[in-house]
4 protein chains.
Amino acid sequence: MSRADILARYRAVRAHTREICAPLRTEDYVVQPITDVSPPRWHIAHVTWFFEQFVLGKYAPDYKPYHPDYAFLFNSYYNLVGERTERPKRGLLTRPTVDELWAYREEIDARMTRLLESCDDATLAELLPVLEIGLNHEQQHQELLLTDIKFILFQAPLYPAYREDAPAAARRADTGWSEFEGGLVEIGHDGNGFAFDNEGPRHKQFLRPFRLANDLVSNADYLRFMQDGGYSRPELWLSDGWDVAQREGWQAPLYWLEREGRRQTFTLHGLRELQPDKPVRHVSYYEADAYARWAGKRLPTEFEWEHAIVQAGAMSAVSGQNQPASAKPTSLKLRRPGATAGKPGLVGQVWEWTGSAYLPYPGYRAPEGAIGEYNGKFMVNQMVLRGGSLATPAGHIRPTYRNFWHPDKRWQFTGIRLAEDA
Amino acid sequence: MSRADILARYRAVRAHTREICAPLRTEDYVVQPITDVSPPRWHIAHVTWFFEQFVLGKYAPDYKPYHPDYAFLFNSYYNLVGERTERPKRGLLTRPTVDELWAYREEIDARMTRLLESCDDATLAELLPVLEIGLNHEQQHQELLLTDIKFILFQAPLYPAYREDAPAAARRADTGWSEFEGGLVEIGHDGNGFAFDNEGPRHKQFLRPFRLANDLVSNADYLRFMQDGGYSRPELWLSDGWDVAQREGWQAPLYWLEREGRRQTFTLHGLRELQPDKPVRHVSYYEADAYARWAGKRLPTEFEWEHAIVQAGAMSAVSGQNQPASAKPTSLKLRRPGATAGKPGLVGQVWEWTGSAYLPYPGYRAPEGAIGEYNGKFMVNQMVLRGGSLATPAGHIRPTYRNFWHPDKRWQFTGIRLAEDA
Amino acid sequence: MSRADILARYRAVRAHTREICAPLRTEDYVVQPITDVSPPRWHIAHVTWFFEQFVLGKYAPDYKPYHPDYAFLFNSYYNLVGERTERPKRGLLTRPTVDELWAYREEIDARMTRLLESCDDATLAELLPVLEIGLNHEQQHQELLLTDIKFILFQAPLYPAYREDAPAAARRADTGWSEFEGGLVEIGHDGNGFAFDNEGPRHKQFLRPFRLANDLVSNADYLRFMQDGGYSRPELWLSDGWDVAQREGWQAPLYWLEREGRRQTFTLHGLRELQPDKPVRHVSYYEADAYARWAGKRLPTEFEWEHAIVQAGAMSAVSGQNQPASAKPTSLKLRRPGATAGKPGLVGQVWEWTGSAYLPYPGYRAPEGAIGEYNGKFMVNQMVLRGGSLATPAGHIRPTYRNFWHPDKRWQFTGIRLAEDA
Amino acid sequence: MSRADILARYRAVRAHTREICAPLRTEDYVVQPITDVSPPRWHIAHVTWFFEQFVLGKYAPDYKPYHPDYAFLFNSYYNLVGERTERPKRGLLTRPTVDELWAYREEIDARMTRLLESCDDATLAELLPVLEIGLNHEQQHQELLLTDIKFILFQAPLYPAYREDAPAAARRADTGWSEFEGGLVEIGHDGNGFAFDNEGPRHKQFLRPFRLANDLVSNADYLRFMQDGGYSRPELWLSDGWDVAQREGWQAPLYWLEREGRRQTFTLHGLRELQPDKPVRHVSYYEADAYARWAGKRLPTEFEWEHAIVQAGAMSAVSGQNQPASAKPTSLKLRRPGATAGKPGLVGQVWEWTGSAYLPYPGYRAPEGAIGEYNGKFMVNQMVLRGGSLATPAGHIRPTYRNFWHPDKRWQFTGIRLAEDA
C-alpha cells in the first residue's frame, strides 16, 4: 500500500467510529450497566490510546504523552503496560468529558498523520503491522460499541431507538442442509493478508462426514423450543448452563419482552414486533447448545464450520486467501460486509456459536511483549464463534476468523446454526 | 404569606437547585458510584416529581401526567405511590436526558405557577402545607446534590474542582467548654413555623448536668487520634464500627489522601492541603464515637445538644421559635445560613453526630398516606445529627432539626463535637 | 457466700450446660447453618475458655495453658485478648472433637475447684466478681445453646425433636391493659446483687402516662395480622424492615410451616400444630413493630417496661432489689425462672422487643480491659429486649436486665407486648 | 463373571469405602468448608442411594424406598430424578446421623445381595451395566472422599493426620523426554471392558510430532518458578487465571505453608517438610499452564497424552484393551493401581492437567434417562486431566480415562507433565 492508501485506510476506520457515535446523547456515553458493557466514552478513548501507546509511543520522534493519566484510564487489560482502572468501575467516571475525549482523538489523529507522512520507509515498514492491529482492534470495538449501546439504551423504560431507518426486511427460509465429506483438512489462516495471531498456524484436522444447515435457526424455530418447555427441562441443558439460567431467570433470549400479550424484541431501531423469519439473536452458548439438543442435532465444531465455508467457494467473494480445495456446490455463502443480508444460506448475519472451546492451534505462540496479550491469554473458558454479524465491520468476516466469548454471554449478536453427523 | 410571597419563595428554592447544578458537565449528572449517591439527573427530576405527584396530581384541575413513565422513574421510596426504579440502578439510566429533565422542571414550574396564581383560597390553604414540605424536601436534596457531586467528582483521577472561588478561611480555635445544669427540659418543636413531623411532639426529657465543647474537633485534633493508633486499637471502637473499618480499610476520614508525603483532602474546590484548624469532616458515627472515647469524652445526646443551643440564646438569630428559658451566657451560636463560618463556637459548619438513635419522640404519629413515609419509616438503625453544614440551605438550621444517617456513612458533611458529664 | 456455696454454684451452672447438651448427637455439635448460630461444640469450649482466660490465667499459681491453640479457637470477640477464628468459620472445624472438649471442660473444672478451694481470701475476693461474670456468661450461652440447637435441628427435613416430653399447656388469654402514671422515675440497677454493667448507672427518666397489655400477642392475634396482608403492606413497616422482609421472602414468623394445608411450627419438641393461644415467637423487631402499627398501638420503651414491672410489685418474687415505689395493682408478673408459664400476665415467656435502641445509660463507662468488651461495644444498631424466655436460666430474669439484638434477628425466643399512650 | 464374582466385586468396592472412613471421627463426616467439598456423610449415603435408585428401584421385586426423604437428601445432580438438597447446603445437615447412614448402607447391601443372588438371568444381564456404573461411581467417590477429608482436616489449626503410616519415599528424577511421531491416530476406548461413555466413540485425531517429559514437574522445579516471580508476572498467566490468583491471593500451591521460615505441606499424614523430589501437587490448571509457559514448554493435549501412553506399551500392565500399535520404547509407564509409585516415568501419581477442554468426542451421545446425566452435561468450562493419583482406585487408571475439573480447582491430587513440539 502507498502512504496515501495507508492514511486513507487509517482515516476511514477512525471516521467510522465517529459515525457510530453520531446518534448518541452525551449521557449515553457514560454508563456501564453490567461489567461486560463498557461506556462508549471509554471505547473511543481506549482505541485511541492503543495508537498512542503502541505506535506514537514507540515510533514518533519527541513523543510526549498527551495526558499523564490517560494510560491509566484507558488501558484495557495490558498488564505489562501498567496499572489500569478496574473494569467494573469504568462507568463511575465522568471526566475527562466526552468533548475532551473527542479532542484527544483529534490530536492523536493529527500526530498519527504527521508520523505516517514523515517517517522514513524503514520505520513505516516496522510500524505497519502494529498499525494494522490497531485498526483491526478499533473495528472490533466498533462492533462492541453497537452491542454496548444497545444494552445501555435497553435500560431506559422508554426503549429509545438508536437509529430511525427501517430495519432489514425479513428473508425466506432455506431449510436444506449441505453435506461435507470431511477427511484430513487444512484449518487456519495461510498468512496471505492480515489475520490475528489466533487464526494460525495453519494445521491439519481430521473431520468425519457431516452436514451443516443452510440457514440459521429462526425466531419461529426458537419459539417452538420455548413452547416445548425448553427453559424448564434440565435434560436439555449443560449443567453450568442450567445453573445460570435458573439463577438469572432466563425464559427467552435477551431483549425479548412480552407486552400486553405480544412478543416484542428490543432492537437498535427501538422496540419491534418479533419477526418469526429472522434469525434468533442474543442467545448464549448454553441456549444454543440446549436448542440443538432439543432439535436432535448439535452445533458444528469450528473446524467443520471453517472447512464448510471454504468448500462452499465463498472465499473469492472476500479475499484471495484460503482458496477452496474443491468447489463442491453448497448453499453457504459469506456475506460481503456492508451488503444487506436478505438471502438464505449467508453467514455474516449473526455470530454463530460452535461446539469448540477457544484454545490455541497446534504450534501457536503468542507474540512477545504487550501486543502478545491480545489473544493468547484468553484461551480458556470461552467458546469459539464463527461468521460475523450485521454490526461487523468490513475485513472482519473471513473463514478463519475466531471470535470467542464465555458461554453465558448474550449481549453480542449471537445466533445458532445446526450441524449433524452425515 | 401572600400569593406573591408564596410564588417568590417557590421560585427562589427552585432556582437554587439550578444554581447548584450550573458548574456540572452533562456527564456528571449520570453516574452513581455507590448506592448512597444518586445521580444529579435523578435529584432534579425527583424533587420535581414530588410537586407533580403531591400538589398538581391532587389540586390541579384537569391534571394529566407529564409523562407516563416518570412516576416510576423518579419516585424515591414512597411504596404507597407505586413501583419505582431500584435504588442501586439509578445510575444505569441515560434517558430521559438532562435537557429533557430541565424541560420537565420548566413545565412543572409553569403548571405550579398557574395553580398557585389561580386556585381558590380554600385550595391554596389546603395545598400550602404540602407545598411547604415540597420546598423543604427540595432543599434537603440541595445539600444531597452537593454531597453527591463531591463524591462523583472524586472518582476521576483528575480530581476536578466543582467551584473555583476561594474556600472559607481557617478560623482560630476556642478550646473552652460550656456548662449546662440539665434537669427536666422541654425538647422538640413547638409548632410555630414549619418543622418536619419528626421534630415533635414537644416533650420532656430529664438531663443530668453536662458540658459541651465550644468548638468542633479539628483536623489537627483528629490527626493526633490517628497518630496515636486510633484506627488500629479495637478497644476504642464499637464492634460494628471496627468490623466496617477493617472491611473497608479505613485509615483516615473520607477524602483524605497522602500524595508525595503530604496530607491533602478533596474538596468542592478540588484537591487542597489539609488545614489543621478546620473542623474534621466526613467521619462516620463510628469514627466520631471512637474519637470521643480516645479523648476520654463522649458525644452529646440529641437532647443535650438541643437544650444547649436553646440555652445559649442562639435562637433569636434564626427564628422566633423556641425562646430560651434562660439566657445563660455560652459560646455556642447557630450559624445564620449563608453567612461565612469563621468564628469559633458556631454550629452549622458540619452536621454533628450525637449519641442518640433516631427514634420517634413520645406520642409521635406519622401522617396518613404517602407523605407519612417521609420520616417515620426510617426510625431504626440510624443516629441523629444536629446542626447543619455549609451546604445546608436557609431554613434547615434550627435547634430542633433532626438529621439522621446510618452510622457507617461518611460522604455527608459530618463532624464531631464532644460532651462530658459535669 | 461461703467457699462451699461458691463451689456449689459453680458446679450447678456448669452441670446445667451438660444437661442441655445431653440429647445431642455428635453431629449436632458441629454445624453453623448461619453466621448467628454457633456450633454447640464451640459454645461448650468458649464458656470454658472464659474461666481459663480470665480466672485461671490471672489467679491460678503456676498456670499453664491447657492447649496452645485453644485461646485462638474459642475466643469469641475479645479483640484485646488476641486473634481468633473468624466467626462465620466456626462451623468448618471438626477438631478438637466433642470428646476432647468435654475433657477440656473437666480439666478446667478440676483446676477451678482447686483454685477456689485453696486460694487465699484476698485472691478469692478479687476473683469473685470475674467468676460471677463467667457464670452469668455461661448462663447466657445456655439460652444461646437452645436457640442454636433449635435452628440446627430445623435444617434437617426430618424435623427431629430435641426433647420428647410434652410442651407446656396452652393458657387462656388476658386481654386487659395495665395503666401507669409515669412521671420522673428511676431506671436501672441499684447495685444490690449481681447485674451486668449495662444495667446501670441507675438514673432518672421522664415517662408520660401509658398502658401496657397484660398479655403477649398470641399466635391467633398474629395470624389476623398476616391474613390482613401484614407482610404485603409497606405502610406498616419500617423501611429497613421492609427491605429485609422482601429480600428474605418473609411471610410468617421463623419456624412456621404450611404442610398439607395445616399450619405447623417447629419446636424443641419437633413439628407441632400451631397453638392459637400461645404467644407468637421468633419474630424480628421489624415484625413486632409492624404488628404494633397494624394494631394501632406501639411497642413499649424499655423504660416503660421496667417501670411497669417494678410498679407491678413483681420484684419480690425474684429478688430483694428494686423494691417498687408503690404497689399499684396490675396483672403483670415476672415468672420465677424454672416455673411453668401457664398464667396470663407473666413476663418471662418470650423476650419482649421494646422500642428502645440499645445505648449506654447516662454516666455509663465500660470497665477497663478485655472484660470491658462484654457489653459496651455493642451499643449501636441493636434494639433492647426485656423479660426472658422459657429458655432463660435462673438469675437472668430481672426487671433491669437488658437483652439486645439487631432488629432483623428471629432465631431467638422473641415476642411482642403492646403499649399505648394513656 | 459368575454371580459369585459379581457379588464379590460388589462387596469389595463397598468395603473399601468403609476402610477409607475408618480413621474419621464423627465430627469429620459433617462439615463442608467449601462448596466443592462434600461432607463424608453425604458421600457414603449418596453412593448408596445410587444403587437404591437405579438398581433396586428398577429391578427389585416389591421395592419400597428405605426412607421417603433420602432421595431428596442424597441425590447429587440428577435433575430428572427430582428435587435435591442445594449443593452448598450439604454441610448444614446433622441428621440422619452417621450411624443411621451406615445402617442405611447395610440394609441396601443386604437388599442388593438378595437381588443379585435371586434375580433371573435376564434381569441380571440387564442390571449388570448399571451395577458396573454404580461401582465405578462409588470408586470415583472414594477418591473424592480422600480429597475432601484432606481439605476438612486442613481447616483445624491442629493439622491432624488422617493416617499414621509413613508416606511413600521420595524418588529420583528422570529428566529425559520421550518423542512421538504423531500422525493420524486412534483415540478413545475400543469397547472391550468397562469405560465411561465420555471415553468414546473411538475416533481419529491428527497429531504433529511431539515430545513428552518422562517425569512430572517436582516441588523443586515449581519452587524455581515461584522464586522467579511466577505468581507476580501476569505475562505468564491466562487472564482468567491471573484474576482468580489475585482475588484469592495465591502465592503457592494449595496446602503449602511457611512456618517459622520452613516450607511445609499438609498431607494425609499431617504436616510435613516439603520434599523437593516429589511431584508438585494441588495446582490448578491456571498454575500448570503458567508454569509451562515459564518453562518455555506447554501442556500436552489429551490426545497426545493418550497416544503416548499407548505407544509406550504400558497397556498390557493394566488390561488387554488398547494394544499399542507399535512398541516404540519410552520411559512412560502406567502405575498399576495400588502399587507404590516410586519409579520415575510412571503415570498414576497425580492427575495430569492437559491443554484440552472437556468436550464430547465426535459422535458422542449421552445415554437416555437420568444415567445420561453422568458425564455429558458437564462438557463445558472444564479441562481434561489424564492419568490418576495415589488415591485413585483400581480400574480407574487407564489410557482412555478422562477426568475433568474447572481450571481453578486445586483440592484434587493434580500435577503437571510438560510437552513440546518435536
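A note on names: the letters A, B, ... follow the listed sequences, proteins ahead of strands, and every chain is numbered from 1. Worth knowing before you read on, the calculation uses all heavy atoms, side chains too, and leaves out hydrogens, waters and symmetry mates.
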Quiz item: With a 4.5 Å heavy-atom cut-off, do Asp28(A) and Arg95(B) have their side chains touching?
Solution: yes

Notebook entry, point to check: With no hydrogens and no angle check, is any side-chain donor or acceptor of Glu27(A) less than 3.5 Å from a backbone partner on Val98(B)?
Noted result: yes

query = Run the side chain to side chain contact (heavy atoms under 4.5 Å, CB included) check on Arg25(A) and Asp99(B) step by step: do they pass?
reply = CA-CA 10 Å; Arg25(A) 307 295 303 260; Asp99(B) 284 348; 3.9 Å; yes

Cut-off 4.5 Å, heavy atoms of chain B, and the answer for Pro39(A) is neither

Okay, Asp69(A) and chain B: the region with an atom under 4.5 Å from a heavy atom over there is side chain

Turns out that what part of Ile34(A) lies under 4.5 Å from chain B's heavy atoms comes down to neither

Whatever's closer than 4.5 Å to a heavy atom in chain A on Pro68(B) counts as neither

Given the options Thr94(B), Leu92(B), Leu93(B), Val31(A) meets side chain to side chain contact (heavy atoms under 4.5 Å, CB included) only with Thr94(B)

